[in-house]
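What follows is a single structure, written as structure tokens, with notes after it.
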There are 2 protein chains.
Amino acid sequence: MPESAPPPYQIQTQSQDHDSLTLTLPLLSHSHRQRSINSTSQVAIVGANACPIESLDYEIAENDFFKQDWRTRGKIQIFQYIFMKWLLCFLIGGFVSLVGFFNNLAVETIAGVKFAVTSNMMLDRRHGMAFLVFSVSNLLLTLFAVIITAFISPAAAGSGIPEVKAYLNGVDAPDIFSPRTLMVKIVGSISAVSSSLVVGKAGPMVHIGSCIASLFGQGGSRKYGLTWKWLRFFKNDRDRRDLVTCGSAAGIAAAFRAPVGGVLFALEEMASWWRSALLWRAFFTTAVVAIILRALIDVCFSGKCGLFGKGGLIMFDAYSANISYHLADVPPVLVLGVIGGIIGSLYNFLLIRVLRVYNFIYEKGIIYQIFIACTISIFTSFLLFGLPWLASCQPCPSDAPEACPTIGRSGNYKRFQCPPGHYNDLASIIFNTNDDAIRNLFSKDAKSEFQLSTMLIFFVTCFILSILSYGIVAPAGLFVPVIVTGASYGRFVGILLGSHTNLSHSLYAVLGAASFLGGSMRMTVSLCVIILELTNNLLLLPLIMIVLLISKTVADAFNGNIYDHIMAVKGFPYLETHAEPYMRQMTVADVVSGPLQLCHGIEKVGNIVHILKTTRHHGFPVIDASPDSESSVLYGLILRAHLIALLRKKAFLSTPMRLGVDDAFRHFSEDDFAKRGLGNVDKIEDIELTDEEMEMFLDLHPFTNASPYTVVESMSLAKALVLFREVGLRHLLIIPKISSRAPVVGILTRHDFMPEHILGGGGGLIQLLHMGLTLETETAKTDPAPAG
Amino acid sequence: MPESAPPPYQIQTQSQDHDSLTLTLPLLSHSHRQRSINSTSQVAIVGANACPIESLDYEIAENDFFKQDWRTRGKIQIFQYIFMKWLLCFLIGGFVSLVGFFNNLAVETIAGVKFAVTSNMMLDRRHGMAFLVFSVSNLLLTLFAVIITAFISPAAAGSGIPEVKAYLNGVDAPDIFSPRTLMVKIVGSISAVSSSLVVGKAGPMVHIGSCIASLFGQGGSRKYGLTWKWLRFFKNDRDRRDLVTCGSAAGIAAAFRAPVGGVLFALEEMASWWRSALLWRAFFTTAVVAIILRALIDVCFSGKCGLFGKGGLIMFDAYSANISYHLADVPPVLVLGVIGGIIGSLYNFLLIRVLRVYNFIYEKGIIYQIFIACTISIFTSFLLFGLPWLASCQPCPSDAPEACPTIGRSGNYKRFQCPPGHYNDLASIIFNTNDDAIRNLFSKDAKSEFQLSTMLIFFVTCFILSILSYGIVAPAGLFVPVIVTGASYGRFVGILLGSHTNLSHSLYAVLGAASFLGGSMRMTVSLCVIILELTNNLLLLPLIMIVLLISKTVADAFNGNIYDHIMAVKGFPYLETHAEPYMRQMTVADVVSGPLQLCHGIEKVGNIVHILKTTRHHGFPVIDASPDSESSVLYGLILRAHLIALLRKKAFLSTPMRLGVDDAFRHFSEDDFAKRGLGNVDKIEDIELTDEEMEMFLDLHPFTNASPYTVVESMSLAKALVLFREVGLRHLLIIPKISSRAPVVGILTRHDFMPEHILGGGGGLIQLLHMGLTLETETAKTDPAPAG
């Protein structure tokens with residue numbers, strides 16, 4: 001017996017008699033508790049509230065039971081699986097496009113009525129009354145969105161993109177894809193966007209798409225007995241991940257009517273794992289979205305959609321015959337890119353600061369959440385209604401393409417307080433929906449339409465309001481605010497350059513939006529395609545590429561992607577693809593921590609219960625006594641969920657003996673081990689066992705993953721990360737270099753690769769930081785986490 | 001000592017005295033030779049000739065020497081690396097766009113002169129002379145292309161996409177990226193395309209882009225002392241792979257002026273490994289291409305490019321104001337997709353059959369290669385010149401957008417044999433360059449421009465000629481032939497439907513090209529974007545998506561992607577992402593074969609030489625005697641290339657002792673272990689050692705990868721494939737389940753995952769096939785391989 005095992009790895013093995021395990025089981029010492037909990041479970045802010053999160057597991061659990069189940073699958077099951085994959089994608093595309101359409105229709109109708117009523121009052125010179133109606137309706141809409149979010153589903157707050165991105169990276173959180181969240185997200189997003197807050201609908205659409213995908217994959221609610229047998233193949237993390245990826249692509253496709261952009265967005269920004277087959281399915285999903293949306297818009301063009309009409313589904317159409325540009329036009333575009341990068345990174349910086357403050361305040365209670373939202377709504381109403389008074393009235397152009405000034409409805413030339421025959425250019429964009437503002441900014445019409453001061457006021461207002469509004473406890477996206485802010489800044493630059501450039505002001509608006517998107521969101525190909533699909537002009541391509549490349553490069557010098565920052569603030573342990581340089585200097589043995597809990601191949605029920613109750617680990621190595629030597633042998637890894645499933649069935653053995661696979665099949669069905677959503681998992685505390693049962697035995701062999709991935713303890717952390725990340729593991733077993741020692745040294749989980757865990761792992765590691773390596777997320781995470 | 005090791009694994013370990021190794025070393029028994037060679041080295045047809053191929057290795061080789069080298073890298077080195085990455089991408093983009101531009105210019109000039117001369121002769125009614133000039137010039141151009149390819153660089157034959165795709169999957173072949181191949185590919189492609197053969201230039205452009213990328217990464221030629229110190233970080237397979245991926249994206253971007261399409265093509269079709277950072281670099285590369293091409297075209301529009309003018313760089317511009325289509329237009333589009341899928345898969349089927357026949361004939365000698373090319377050239381000339389006589393002359397439309405009939409140059413309305421005021425519509429497309437034919441077919445002009453019979457003749461001609469022409473021993477792409485064939489079929493359907501459809505004939509041509517591309521190449525997003533960028537009309541998007549989805553789905557029911565088939569015919573061991581179902585039923589122990597060669601940590605030089613000479617393996621497990629037991633311990637894996645580097649330096653030890661890392665650094669530099677191109681590797685036969693040296697020792701420890709990836713022998717092949725493929729391994733060590741046996745059971749390489757290897761691995765496996773699972777590649781591979 002190697003009693004001389006080095007101190008950091010407090011493993012006990014070789015306990016030939018099973019009873020001794022309870023005695024030698026190392027209880028978590030106080031000093032270890034914090035880290036031990038950290039490494040298996042953690043808390044993150046999901047939406048608005050802190051929740052426990054859990055890792056997903058993409059490993060093929062190869063135990064005898066599953067292998068047998070797999071062998072019994074015939075051609076029909078394989079056909080069912082393939083058929084369902086495509087059917088689900090079709091259904092996801094269909095539902096997401098319907099929701100997207102309905103969403104736009106509702107926003108246009110609600111906001112349209114609101115602006116029509118206030119505009120008519122303005123025409124009658126009842127300015128005070130108009131403001132009252134405007135601000136009260138905004139306040140009520142905001143209040144409604146906040147109250148349903150805070151009380152019914154806090155997970156629906158925010159854009160949801162960070163949560164979905166974290167899910168696709170392998171971090172599950174309860175309730176992010178529940179039906180309740182879906183409903184709140186849809187209704188809340190409509191009401192928040194209609195309330196004239198500077199928030200977007202694209203982010204919520206991504207979350208809605210993912211929700212729909214996840215719910216379809218789950219096959220209805222278990223509670224209401226709506227599960228379908230054909231869906232049983234989707235009850236694992238891998239297939240669910242693929243569905244959610246397709247759903248997020250469909251969300252962007254529906255929000256911007258950009259099917260190719262949606263696929264690329266899912267690929268570039270959302271997905272952490274991707275394969276060619278998934279590309280095709282995502283493409284199919286967004287194609288369904290595109291086709292259904294086109295058909296619905298056809299209906300609307302014939303005037304059957306009320307106030308909806310041309311608006312709503314963004315299709316900015318900045319096309320102006322043949323845009324011609326030459327090398328001389330490149331320098332201003334470069335400048336635009338640089339400035340976009342700088343203000344984009346500044347935007348990220350400020351947004352994160354504001355989010356921190358909000359999170360700090362939100363901890364104090366729901367009333368504070370409502371208070372902040374109301375304050376922002378009132379502040380927004382004041383600005384939107386008050387600022388146009390600063391702008392001077394413009395005479396209507398004689399060749400205006402539409403009625404000028406606009407009467408009654410939300411058009412391009414708002415009269416606001418102006419005398420007849422004049423319009424207020426600031427009101428045209430600020431006292432309007434964001435969609436209409438973008439359309440006006442991108443419009444190819446006369447250069448003189450907007451004044452320089454108007455653009456400046458609008459840019460500053462949008463910049464500030466969008467930063468303040470994103471953090472409210474309601475569904476709120478970032479895309480549209482960033483586009484509208486960027487477009488105003490771009491047009492500002494265009495007006496400033498005046499006759500020094502050949503490019504039109506509308507093109508500057510498009511490029512400004514591109515540069516600000518690039519500076520804040522840091523995507524490249526997907527943003528490029530989304531902007532092309534929005535503006536419907538492929539000739540812009542080289543210019544948009546230049547702007548995006550420059551703004552991303554400049555902004556990357558200051559800070560990271562906005563969604564990554566938000567994830568860090570929320571506390572999601574996001575696993576990067578690339579290893580930090582210091583990870584090459586450390587071995588896996590350096591980071592693995594805490595005492596290890598082991599099971600024996602044939603284990604006493606009482607011991608299993610004890611292990612499950614005293615730890616929060618989700619995987620346990622299973623060891624067997626070696627037949628020909630005194631050392632023990634690693635048999636495999638068993639999951640907590642499977643242990644609980646075994647305990648629930650209570651098919652215990654009275655004597656310690658090996659169970660055949662056929663016996664296992666008699667007692668259990670594949671459905672018992674199906675992966676459930678995070679909210680529905682059974683807890684060990686719910687299982688009641690008699691003292692007699694506690695003395696019985698379980699043969700874990702048929703249910704143990706007999707070929708877990710293992711790495712040797714001397715492997716560098718960077719190299720282990722490659723395996724962990726590329727294959728998508730939840731547990732990675734570490735085996736000793738010298739085989740005569742205990743068969744397993746420890747288990748690596750996601751948290752062991754997190755910089756803050758590595759840095760907390762011992763004073764000796766701090767010195768690595770003196771190598772001048774920055775750990776960006778570290779500062780983000782050491783802030784006080786909100787109470788769970 | 002476990003002398004009772006099971007028979008299949010003939011490992012000898014525990015030889016405490018090093019001399020005994022040579023005695024107990026198992027020589028390759030005759031029955032094992034074939035399979036043993038198969039599993040470490042293989043032959044594939046690269047371009048036109050069979051060459052030995054080798055696997056690439058993307059694993060981080062973590063030996064003490066590299067670790068030490070890595071530790072010494074400071075911030076300056078990291079900066080150098082990042083700076084070089086971007087500089088190289090910039091250079092790749094710049095050179096590829098220049099080559100693409102030059103390529104088009106040359107083709108347009110040569111073909112333009114040829115058509116101008118023959119057209120003028122036709123005007124003078126000297127028809128016989130015209131045919132003679134036409135056919136002889138075609139023959140000479142073809143002959144030139146074939147001769148330089150066959151004699152100078154056979155690797156330049158064909159499109160090169162299968163070779164590049166195989167390289168990006170991890171299969172290296174000599175000469176595919178050599179400067180010689182690059183030159184032959186450029187010159188040969190120009191001359192083959194100019195010779196009126198139905199071959200494309202896009203495929204060769206992809207190969208050219210990859211070549212340029214690889215050469216830049218290599219940093220010039222070692223032979224001429226042109227290597228640059230800053231490039232030393234790129235001397236590994238991972239960085240070279242990234243560069244080649246960017247190069248292939250740049251190739252498509254330059255061929256079609258489709259920067260986003262190029263990135264997506266590289267992502268969807270070419271790359272086997274992909275990460276977000278690479279997306280950005282590929283995007284940067286294609287942005288450089290797009291910007292430089294635009295600048296060069298600006299120059300050409302001002303008329304400084306001779307016959308080039310508007311032509312050449314395809315920019316088909318099928319835009320016709322506002323295309324409006326409704327649900328009623330969808331059924332014909334569906335039909336188009338279905339037919340496109342069927343003829344696409346038929347095309348693949350026939351092309352593969354023809355390629356097989358060609359490969360069989362080509363084995364007989366270069367003279368046969370030249371003969372086939374000449375035959376096809378003469379046949380093509382006959383068809384192109386003869387078929388237009390079948391078409392009736394059309395009166396020129398009164399509102400023709402250009403001169404009708406065209407005089408002298410290659411225009412839309414060829415007069416051919418027609419009387420003045422008339423044109424020959426078949427000659428306009430068939431007696432023309434492929435680019436002009438596509439432009440004419442996509443053109444938005446009058447519906448009456450082409451007759452039904454013309455389209456049918458043209459379609460059949462292109463279909464047959466493109467199948468026959470692809471296999472010639474000269475650079476020849478598939479994209480343009482497929483587009484031109486598909487467009488003619490699409491326009492045929494459009495004419496056939498007549499007034500039953502609202503869509504224009506040009507739109508049918510575009511959709512036909514899309515459906516045929518989808519049916520043959522089976523890409524989705526990338527084809528969609530390439531077609532959009534070609535036609536410059538985003539409104540087509542939903543229709544193109546429908547067509548592509550349908551044609552791919554239909555065609556997938558019959559056979560696979562054309563490039564995958566070509567790779568199979570050529571014999572490249574392409575590693576798929578997904579595991580075949582039968583792989584879940586087998587363990588890795590089932591497929592691992594042959595006796596295993598082991599090295600000891602401190603090994604005699606003579607033994608190393610013997611192992612290297614008697615085997616063709618590229619990695620050897622290194623074992624150490626365990627200090628505290630009689631069993632031995634796996635220390636790691638050493639690569640053949642590193643062993644040869646050690647032997648070359650002759651820094652041997654006179655006694656068996658451990659070497660410190662510092663000693664290792666004194667004798668060796670990182671450059672000694674830099675990965676070289678396949679053509680430049682040293683061979684063990686080239687190293688001369690005295691008998692005295694053969695008796696000395698080498699300490700392998702500092703150079704051994706001490707943490708290779710390992711899997712347990714009971715893991716299923718499917719699960720091992722996930723690790724092997726996702727991480728990109730060359731060697732995967734299999735360790736025994738019971739630790740007291742020998743420390744390593746075998747090594748898995750790429751060939752062990754190939755269906756034909758698995759099926760040849762034992763009679764017991766054949767029964768798996770009776771489960772009804774098809775092995776598509778099996779039939780493709782069991783054909784007689786050409787002699788090396």
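In what follows, chains carry the letters A, B, and so on, assigned in the order in which the sequence lines appear, proteins first and then strands, with residues in each chain numbered from 1.
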Can you check side-chain contact (heavy atoms from CB on, under 4.5 Å) on A:Val712 and B:Thr710, steps first, answer last?
CA-CA 8 Å; A:Val712 70; B:Thr710 56; over 6 Å; no
Can you name the nearest heavy-atom pair linking [X] to [Y], along with the distance?
X	Y	result
A:Ala290	B:Met545	CB-SD, 4.5 Å
B:Ala706	A:Ser714	O-OG, 3.8 Å
A:Pro708	B:Met715	O-CE, 4.1 Å
A:Leu723	B:Val727	CA-CG2, 4.2 Å
B:Ser276	A:Glu268	OG-O, 3.7 Å

Evaluate side-chain contact (heavy atoms from CB on, under 4.5 Å) for A:Arg584 paired with B:Ile60, printing each intermediate quantity in order.
CA-CA 10 Å; A:Arg584 293 190 73 143; B:Ile60 304 171; 3.5 Å; yes
Atom group of [X] that falls short of 4.5 Å from chain B, counting heavy atoms:
X	value
A:Leu541	side chain
A:Ile735	side chain
A:Thr286	both
A:Val525	both

So which residue, A:Ala718, A:Ala295, A:Pro259, A:Ala720, ends up with the most heavy-atom pairs under 4.5 Å with chain B?
A:Pro259
Would A:Lys737 and B:Tyr635 count as a cation-pi pair here, with the cationic atom under 6.0 angstrom from the ring centre and within 45° of the axis?
yes
Side-chain contact test, heavy atoms from C-beta onward, threshold under 4.5 Å: evaluate it for A:Leu264 versus B:Leu264 and give yes or no.
yes
Looking at B:Ser716, is its backbone amide N or carbonyl O close enough to the side chain of A:Glu62 to form a donor-acceptor pair, meaning the two atoms are under 3.5 Å apart?
yes
Atom [atom1] in [X], atom [atom2] in [Y]: separation rounded to 0.5 Å?
X	Y	atom1	atom2	answer
B:Thr577	A:Leu278	OG1	CG	11.5 Å
A:Thr524	B:Phe284	OG1	CZ	12.0 Å
B:Ile291	A:Ile546	CD1	CD1	3.5 Å
A:Trp280	B:Leu548	CH2	CG	11.0 Å
B:Leu279	A:Met523	CG	CE	11.5 Å
B:Glu576	A:Arg275	CD	CZ	12.5 Å

Verdict with supporting geometry, B:Cys528 and A:Val260, side-chain contact (heavy atoms from CB on, under 4.5 Å):
CA-CA 8 Å; B:Cys528 188; A:Val260 178; 4.2 Å; yes
Does the pair A:Lys719/B:Glu59 count as a salt bridge with the N-to-O cut at 4.0 Å?
yes
Tell me, with the steps shown, if A:Tyr709 and B:Val722 meet side-chain contact (heavy atoms from CB on, under 4.5 Å).
CA-CA 11 Å; A:Tyr709 291 106; B:Val722 172; 3.8 Å; yes
